[in-house]
Amino acid sequence: MSKMDNLRAMREARYAEAQKRSAAAPAKPAVRAPVAPPTPKKAPEQAAAGDDLCGHRNISGRTCTREKGHAAKSHRYS
Ligand SMILES: [Zn+2]
């Protein structure tokens, strides 16, 4: 059985359960809405590893994430 089939079977089973239950208690809401909003995974600054970056590499192979030709004396490897 594939993953999708499995999921569908589970959903149908749950739906049948809900149908049975709603016959007993019809006032209950069937679906629960998600409470937490989706959180952004990464800052856009880090996502854009393009040509506008300094690109200086340190000893351990990490790349400088400051802008190209940055005024700061030190490179930033975060
Ligand atoms: Zn740099």
Side-chain angles (χ1 to χ4, degrees):
M1 198 185 256
S2 78
K3 201 175 184 181
M4 287 306 290
D5 287 338
N6 204 6
L7 278 174
R8 193 186 301 161
M10 277 172 62
R11 208 177 302 146
E12 276 167 11
R14 216 174 287 171
Y15 181 74
E17 274 282 299
Q19 289 289 87
K20 268 188 246 166
R21 249 177 254 165
S22 69
K28 256 188 179 178
V31 199
R32 231 185 293 164
V35 180
T39 49
K41 280 175 185 171
K42 270 192 176 179
E45 187 190 341
Q46 284 188 325
D51 297 327
D52 296 337
L53 297 176
C54 168
H56 182 271
R57 284 179 165 258
N58 74 351
I59 297 166
S60 55
R62 304 185 86 180
T63 309
C64 176
T65 55
R66 288 192 195 275
E67 74 279 9
K68 206 172 203 171
H70 55 79
K73 284 174 187 171
S74 63
H75 297 286
R76 187 177 62 187
Y77 308 104
S78 59

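Note that ligands are numbered from 1 as they come in the structure, with each ligand's atoms numbered from 1 the same way. Here, residue 1 is the first one in the sequence, and each next residue gets the next number.
- Between R14 and E17 there is no salt bridge, since no side-chain nitrogen of the basic residue lies less than 4.0 Å from a carboxylate oxygen of the acidic one.
- Smallest separation of non-hydrogen atoms from T63 and Y77: C-CD2, 3.7 Å.
- Counting just the N/O/S atoms of H75, the one with the shortest distance to the Zn ion (ligand 1) is named ND1.
- The SG atom of C54 and the NE2 atom of H70 subtend an angle of 100° at the Zn ion (ligand 1), given to the nearest 10 degrees.
- Counting backbone and side-chain atoms alike, C64 contributes an N/O/S atom closer than 2.8 Å to the Zn ion (ligand 1).
- When all heavy atoms of R66 and H75 are compared, the pair lying nearest together is NE-C, 4.1 Å.
- Pairing each heavy atom of L53 with each of T65, the nearest pair is CD2-O, 3.5 Å.
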